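A quick write-up on the structure given underneath.
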Amino acid sequence: MSNICVYLQNVEPYLKQWFIHEHGGEYPVSLVRGSVESNILMLFLENKKADHIEAIDEKTLAIYIPSYKRCDPRNRNFLPERAKVALHKCIKNRFDVQMWQDLHQFNNLGLQIDDIIYAWMEQHGIELSEMNWNAIAKRYQRKRRAYLDYELKKMLE
């Protein structure tokens with residue numbers, strides 16, 4: 001693992017906290033070799049542009065560049081914008097899958113999801129704030145609505 005990072009800007013706080021927690025809690029994040037995120041980096045890293053400067057703020061997610069046989073992080077440490085978008089979407093998709101797998105069973109039991117979301121946030125290293133709760137609850141409701149629409153469509157066929 002190198003000590004050189006790529007930076008994703010405008011990552012939602014809850015998503016950043018979840019991703020850090022899922023990768024061992026260390027920041028910047030060290031990716032697991034063979035993970036989808038690691039594979040995206042391996043495929044799309046380019047030689048750094050001489051005039052490129054990264055803007056770093058609290059919504060920036062720093063990820064260490066893994067060392068690959070054919071990719072020296074000292075030279076290949078620039079991730080183009082479209083690859084950054086793909087990496088961000090990959091992280092969001094992984095979050096959605098885990099959230100859905102963990103939470104949808106409680107709705108089927110008729111339980112209030114409010115406290116369950118807070119407990120889930122705590123379990124996954126997400127700060128217990130109203131802003132984070134609202135964002136996660138909205139993501140969950142969108143997924144639930146899509147699931148129910150799919151189930152209804154399947155029943156009507």
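Keep in mind that this is a model prediction, so the values were computed, not measured.
Between the Ser35 side chain and the Val32 main chain, a donor and an acceptor come within less than 3.5 Å of each other. Here the side chain of Gln17 pairs a donor or acceptor atom with the backbone of Glu127 at under 3.5 angstrom.
In this structure the side chain of Tyr7 never reaches within 4.5 angstrom of the side chain of Leu79, judged on heavy atoms. Taking 4.5 Å as the limit, some side-chain heavy atom of Cys90 sits within range of a side-chain heavy atom of Glu37. Between Ile91 and Leu61, some side-chain heavy-atom pair lies under the 4.5 Å cut-off.
Shortest non-hydrogen contact noted between Leu103 and Ile113 is O-CD1, 4.0 Å. For Met131 against Pro13, the heavy-atom pair with the smallest separation is CE-CG, 3.7 Å.
Listed by chain and number, the residues in a salt bridge (charged side-chain N to carboxylate O under 4.0 Å, His left out) with Lys143 are Asp96 (sequence neighbours excluded). Scanning for side chain to side chain donor-acceptor pair (under 3.5 Å) contacts around Gln98 gives Trp18, with sequence neighbours left out.
Under a cut-off of 6.0 angstrom, the local environment of CG in Asp114 is crowded, with over 12 non-hydrogen atoms contributed by other residues, nucleotides or ligands.
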Please output the side-chain donor-acceptor pairs of residues 20-28 that fall under 3.5 Å, not counting sequence neighbours, one pair per line with the distance.
unit_1, atom_1, unit_2, atom_2, d
His21, ND1, His124, O, 3.4
Glu22, OE2, His124, ND1, 3.1
His23, ND1, Phe19, O, 3.1
Tyr27, OH, Thr60, O, 2.9
Tyr27, OH, Ala62, N, 2.8

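Aromatic pair Trp120/Tyr14: ring centres not closer than 6.0 Å.
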Q | Verdict with supporting geometry, Leu45 and Ile65, side chain to side chain contact (heavy atoms under 4.5 Å, CB included) | A | CA-CA 9 Å; Leu45 281 171; Ile65 299 173; 3.4 Å; yes
(Q) Determine whether Leu15 and Ile126 satisfy the following criterion, side chain to side chain contact (heavy atoms under 4.5 Å, CB included), listing intermediate values before the conclusion. (A) CA-CA 8 Å; Leu15 190 61; Ile126 301 170; over 6 Å; no
